[in-house]
Amino acid sequence: MNALSVREVSKVFKDGTEALSEVSFDIKAGEGVVLLGHNGSGKSTMFKCISGFEKTSSGEIYIGKDETTFLSDRKYRPIRKKVGMVFQNFHLIYNLSVFQNVLFGAMGQSRNFLKVSAPFASKKDREKAMDCLKRVGLDHLAKRRSDQLSGGQQQRVAIARMLMQDPELVLADEPIASLDPKAGREVMELLWEIVDERKLTVLCILHQTDIAMEFGERLIGLNKGKLVLDDAKKNISKDDLNMLYFNVDEKHGGIV
Amino acid sequence: MNALSVREVSKVFKDGTEALSEVSFDIKAGEGVVLLGHNGSGKSTMFKCISGFEKTSSGEIYIGKDETTFLSDRKYRPIRKKVGMVFQNFHLIYNLSVFQNVLFGAMGQSRNFLKVSAPFASKKDREKAMDCLKRVGLDHLAKRRSDQLSGGQQQRVAIARMLMQDPELVLADEPIASLDPKAGREVMELLWEIVDERKLTVLCILHQTDIAMEFGERLIGLNKGKLVLDDAKKNISKDDLNMLYFNVDEKHGGIV
Amino acid sequence: GEENEDEAIQSTNDGNSSNTEDTQEASAEEPENEDENDSDNQEQDGDRDDWPDKLRFADTGVEGMEELQREFGPFKEALEDVLDIEVEFFAVTDRIIGATALEYDQVDMMLAGPSEYVQINSTVPESYPFVGIERDEYHAAFIVHEDSEYETLDDIVGTSIAMKDAGSTSGHIGPSSILIEEGYDLDQDFDIQLLDSIRIEAFKNDEVDVLATGIKDYHEMVEEDGEGNYRLIHEGPPLPNDVFLASPELPEDFVEEVKTLMIDHQEQILGSILETGENDKYIQARFLEAQDSDYDPMRRAYETLGLDFD
Amino acid sequence: MPARFQRPSITTIIGLTAFVTLFILGVTHAQLSFDRIFSGITNMLRFLSSAFPPDPSRITAISNAMYETFQIALVGTAIGVVLSVPIALLASTNTSPHFSIRVITRGIVSTLRTIPDLIWALIFVISVGLGPLAGILTIIVDTIGFCARFFSERIEEIQKGPSQALESTGATKIGVISGSIIPLGFPSFVATSLFAVEKSIRSAVVLGLVGAGGIGVELSTSFTLRRYDEALMIVILILVVVIIVEQISSAIRKKVI
Amino acid sequence: MPARFQRPSITTIIGLTAFVTLFILGVTHAQLSFDRIFSGITNMLRFLSSAFPPDPSRITAISNAMYETFQIALVGTAIGVVLSVPIALLASTNTSPHFSIRVITRGIVSTLRTIPDLIWALIFVISVGLGPLAGILTIIVDTIGFCARFFSERIEEIQKGPSQALESTGATKIGVISGSIIPLGFPSFVATSLFAVEKSIRSAVVLGLVGAGGIGVELSTSFTLRRYDEALMIVILILVVVIIVEQISSAIRKKVI
Ligand SMILES: Nc1ncnc2c1ncn2[C@@H]1O[C@H](COP(=O)(O)OP(=O)(O)OP(=O)(O)O)[C@@H](O)[C@H]1O
Ligand SMILES: Nc1ncnc2c1ncn2[C@@H]1O[C@H](COP(=O)(O)OP(=O)(O)OP(=O)(O)O)[C@@H](O)[C@H]1O
Ligand SMILES: [Mg+2]
Ligand SMILES: [Mg+2]
């Protein structure tokens with residue numbers, strides 16, 4: 001079964017920027033896939049379309065069996081609950097505590113807000129939140145306000161929040177960009193452990209090609225909004241990867 | 001001559017977190033140094049202390065010949081003008097254009113704000129701003145509002161803004177964290193080109209140890225706020241680097 | 001004599017400053033006027049140097065003539081026409097501001113109610129009234145609901161009475177002084193509420209037992225709700241007239257002139273006031289000379305109320 | 001290279017022209033002659049001196065009136081603020097359940113604000129009678145007109161990132177609002193609410209209208225009797241309360257900003 | 001694991017206790033008996049019906065008064081807003097050149113706000129005479145009291161990152177303010193300023209105080225004459241203007257938010 005199906009999705013922004021053009025791919029449940037591409041190739045836009053924060057200009061996206069293109073926010077909710085996201089810029093609630101931010105990961109579980117607010121959450125949820133924090137090595141900072149963390153620590157909180165959600169599909173946008181090498185590797189191991197153990201599906205945007213080649217069983221590559229690579233790791237050569245970045249014309253970056 | 005001198009600097013935050021403890025190092029003019037350390041080791045705090053946005057708890061910092069510890073904002077200004085910074089989270093003015101954000105890099109050059117505002121800036125400055133944008137491959141997006149960029153594009157704007165400043169000392173906080181491999185490498189080359197050609201001094205925080213080893217002639221390492229490594233590249237082994245990250249006790253991260 | 005006065009003021013209009021040379025310059029510029037009354041003009045210039053070239057006139061919202069506050073155009077024109085001088089008209093909604101403007105020579109003449117006049121005169125003792133507007137039916141009244149058991153003022157001891165705002169002639173000073181003169185103690189015997197513009201609605205809804213206000217309000221209420229709903233239990237004596245009063249800074253002969261002209265042309269001026277209003281049937285008004293002493297009863301009322309202006 | 005000046009849109013041009021024209025017309029209309037300001041300055045000083053020194057003889061009565069006013073203002077404003085939050089949420093682009101609800105709510109809030117206090121006082125006196133209750137109701141309405149508008153404006157300015165992060169966990173609208181919109185807007189809400197308290201105290205005259213007394217009546221009586229030194233005393237007392245409220249606002253905001 | 005409830009600080013406890021006590025005292029004081037609300041509802045309907053249908057017979061006169069008021073309000077508010085920006089910068093923690101300047105400026109702004117319109121009208125009538133100029137000056141003062149306070153609050157809420165980025169280039173205080181504080185605060189400044197325009201129009205009574213006529217006088221005359229249908233017409237006209245101003249505010253904000 002496909003956990004995620006993207007069919008000929010295009011996205012043109014109001015100002016005419018074509019961020020995605022006719023991208024199609026399927027991800028099977030239990031797969032761990034890495035999404036690669038140069039800056040501005042449309043990776044984050046792809047994620048936003050999947051989670052419904054940007055409307056696609058054309059094409060369809062299926063999450064599990066559900067077509068998401070024309071869903072109202074209310075109908076989208078049960079689907080989003082199954083999709084855990086780590087945003088490129090974390091999006092923490094800056095003036096709340098780390099612990100509270102992680103607890104919010106459980107928001108989809110209940111319609112009652114009090115159940116995810118730190119003073120009133122169930123013992124189980126509170127312990128689970130601490131557990132998620134421990135997994136990213138931040139349990140000692142649970143009480144700290146989240147804007148008083150280092151960049152890498154904030155990224156870990158965002159990951160802990162995603163773990164708290166118990167998602168079926170994980171969309172992680174450069175989850176290790178701000179992490180130190182050891183922590184970055186550990187987070188990737190954590191993600192792939194989830195895939196193996198709990199048969200979850202992970203789609204992970206990375207810029208570190210070495211880590212991508214190490215972890216991703218399958219790699220998808222975007223270039224100027226087009227899908228240019230989609231293959232199992234074993235079929236992909238270093239050159240294939242380099243092509244992803246070197247084929248960029250001056251309109252799409254390329255540093256002089 | 002030393003471009004930067006850090007003498008026994010400690011920083012304890014209000015809540016008791018000791019982010020830096022008695023860190024000392026000197027950087028000679030024209031050196032290109034990489035600063036390494038695990039998440040939360042105090043790297044960004046070090047930068048904030050150098051630029052005076054956080055007051056040190058003890059110790060002195062010299063930029064060139066100037067002691068900065070007790071400087072008023074007004075006295076700090078000519079010093080800051082010489083120090084170009086790239087922030088870990090970019091800090092662009094989100095509702096202004098990319099071009100305007102880059103032009104603001106020249107703010108230190110004039111006391112007249114109009115000289116750095118896009119409609120009234122001198123032709124020279126405007127061309128220079130476009131030039132800086134071109135160097136990071138973003139000249140085609142000059143008119144775009146800066147919050148309509150991809151993560152990597154925003155980071156490049158921050159770098160262009162720093163280039164616009166013509167600094168003598170560059171403090172770059174993970175300047176390539178969000179860049180794709182090719183762009184990241186090119187930015188590093190750009191920085192080191194500046195060091196070589198214009199005899200500038202660069203202090204650059206990196207998490208990519210491979211890139212650090214490739215570019216940094218000298219590496220400085222922080223661990224739990226203490227200086228644990230400061231040596232020329234040739235004297236540093238892979239193990240030394242690993243120690244930086246693996247020596248972290250559970251109070252300071254380490255992922256389970 | 002009427003014509004003469006008329007033109008005399010017209011000539012003032014030409015001589016718009018305090019020295020003769022200027023006056024003549026100005027006159028020379030407008031030969032039209034000079035032609036009309038050459039000799040007269042020359043003669044009178046001497047003592048009319050100090051006459052203003054523009055009359056700053058304020059109206060502080062006299063009861064029954066509220067319309068004038070917003071539709072002052074015809075009145076201003078009539079005044080300009082009669083006095084033959086430029087009139088600057090200000091509708092001031094607060095009597096304190098009116099008084100203060102006069103005190104600080106920001107206004108030359110005012111139309112004010114009796115209570116206002118007393119207030120103003122106590123701050124600017126040299127200000128004086130020169131024309132009064134006499135009106136029918138200008139007195140305070142005590143109104144109760146038809147079905148209430150109150151018949152006399154004695155009956156309403158211990159009740160709540162709605163009045164207007166502090167210092168209003170017919171809605172505060174008038175009724176209060178009636179009660180005082182009848183020998184009641186305002187603080188002990190009644191619960192007096194100053195409710196300003198919501199007094200009538202509060203009374204209609206039985207929030208208070210008695211409404212003490214100008215008789216005009218009574219007529220209005222009867223007109224709205226029909227006969228047989230409200231009853232008058234006491235009507236006070238006629239209140240002093242509304243007045244036109246003059247700033248002490250104005251030359252007295254000028255004021256004298258204005259007074260004569262206004263009384264002579266009262267139909268035109270009063271007509272212009274009533275032209276815009278709908279309540280003219282309550283204002284059978286006429287202009288007459290006013291004396292400061294006409295307002296002594298008002299002053300006494302203030303005194304007995306303990307509202308003295310140091 | 002971007003052009004120095006962007007060609008302004010037609011709407012911008014029309015808008016600007018209208019503004020400038022009206023502004024100039026207004027200035028002409030007012031016969032602005034600011035030199036008059038200076039000529040009048042001695043007058044003004046004379047007037048001001050009539051208020052000095054402030055007269056503290058009625059300080060107990062005044063303080064009592066102030067205390068009463070403060071209580072009523074506090075109750076009215078507190079209730080108004082609490083009601084403003086849901087109303088503001090209904091009125092904001094990013095939190096309203098439906099376009100039409102947003103437009104209607106906005107319209108209601110504008111109407112609440114536009115109907116003058118005097119009319120509200122009338123309406124409430126008619127329905128609940130004279131006294132503090134009518135005053136409280138008027139203050140509630142005033143507060144909603146003000147706070148709901150400002151809350152809503154702040155809510156629309158809140159970055160959407162954190163809200164999207166919560167939405168992506170499958171949170172309900174209410175969850176997103178309680179978890180992201182409210183905490184992020186909190187500093188601003190505090191400031192606006194405490195300003196509303198201050199505003200209610202300053203506009204205490206409305207309490208006089210409904211027969212509930214208070215500091216507004218004291219002040220206007222002092223005026224009528226032209227006891228400016230007493231009026232000054234009252235203004236100073238109000239100022240003290242205003243500054244205290246402002247300090248409380250700063251203190252709370254410092255914690256949550 | 002963090003405790004469920006943090007021990008609140010002494011100040012918090014004192015503050016909360018004071019608030020709750022005062023609130024309860026206030027409620028008791030007001031003899032809240034909301035049942036009266038329902039009993040009075042017929043009375044209220046009767047009153048309201050006296051205002052329907054609105055009476056459009058004086059529409060031309062009213063529109064003219066509105067137009068005049070709008071012009072004056074626009075001039076006064078525009079000048080007030082322009083003056084508020086530097087004042088707000090002096091009054092904000094993060095932009096003020098010195099602690100003492102901040103405290104003094106804040107104090108002045110609070111004082112401007114606390115002194116009632118009536119006193120300002122008095123002062124300006126004394127110094128510049130009756131007429132629109134005194135009205136404009138009063139509106140300017142009102143606007144500063146309001147806008148400077150709200151601008152300053154917003155300025156203090158602006159994240160410091162972007163400002164630090166500009167400071168790090170060696171920018172002067174003015175550079176940082178023009179390059180970061182102003183653009184980031186702009187959406188909020190627009191909203192506050194246009195609210196101030198609306199506020200000035202709504203509080204047009206002040207123009208009546210200084211003899212400058214306008215819609216306020218129309219409205220209060222309608223009230224005094226108890227012509228509620230005419231008053232309703234005026235309120236509707238004001239509402240239309242208020243809504244237009246709000247729309248303009250939204251439109252501008254949409255571009256810069
Ligand atoms: N305002 C603050 N109050 C308290 N502690 C803080 C504050 N800011 C940072 N810290 C703590 O200080 C330590 C150093 O933070 P810093 O941002 O310097 O780390 P860093 O080396 O830049 O890490 P990263 O690689 O994750 O960016 C961290 O443990 C962090 O949690
Ligand atoms: N709101 C917007 N309006 C117009 N163009 C946009 C907007 N948001 C993004 N873009 C453009 O769409 C393209 C794709 O952006 P996207 O954020 O998906 O890139 P990305 O692959 O995530 O890059 P990065 O690796 O730098 O994060 C970029 O060229 C970007 O400038
Ligand atoms: Mg991205
Ligand atoms: Mg950092």
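Below, read A as the first sequence line, B as the second, and so on, with proteins coming before strands; counting in each chain starts at 1.
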Quiz prompt | Interatomic distance, B:Asn89 atom CG to A:Phe90 atom CZ [nearest 0.5 angstrom] | solution = 7.5 Å
Quiz item: In terms of heavy-atom contacts, does NZ of A:Lys234 have more than 12 from other residues, nucleotides or ligands at under 6.0 Å?
Solution: no
Quiz item: Between A:Asn39 and B:Asp180, what is the shortest heavy-atom contact and its length?
Solution: N-OD2, 2.7 Å
Quiz item: Could you give the distance from CD (A:Gln208) to CD (B:Gln208), rounded to the nearest 0.5 Å?
Solution: 6.5 Å
Exercise. State which residues pass ring-ring contact (aromatic ring centres under 6.0 Å, His included) with A:His207; sequence neighbours excluded, sorted by chain then number.
Key: none
Self-check item: Set of ring-ring contact (aromatic ring centres under 6.0 Å, His included) partners for A:Phe47, sequence neighbours left out
Solution: none
Practice problem: Could you tell me which residues satisfy ring-ring contact (aromatic ring centres under 6.0 Å, His included) with B:Phe99, sequence neighbours excluded, listed by chain and number? | Solution: none
Quiz item: Quick one: of A:Ala177, A:Gly37, A:Ser178, A:Ala19, who has the most non-hydrogen atom pairs under 4.5 Å with chain B?
Solution: A:Ser178
Quiz item: Taking everything shown except B:Lys124 itself, do over 12 heavy atoms lie less than 6.0 Å from its NZ?
Solution: no
Quiz item: For B:Tyr245, which of A:Glu186, A:Arg185, A:Lys182 qualifies under side-chain contact (heavy atoms from CB on, under 4.5 Å)?
Solution: A:Lys182
Quiz item: Which members of residues 142-154 of chain A, sorted by number, sit under 4.5 angstrom from chain B on a heavy-atom basis?
Solution: A:Arg144, A:Gln148, A:Ser150, A:Gly151, A:Gly152, A:Gln153
Self-check item: chain B interface, residue from A:Asp15, A:Thr209, A:Ile176, A:Asp210 that has the most non-hydrogen pairs under 4.5 Å
Solution: A:Asp15
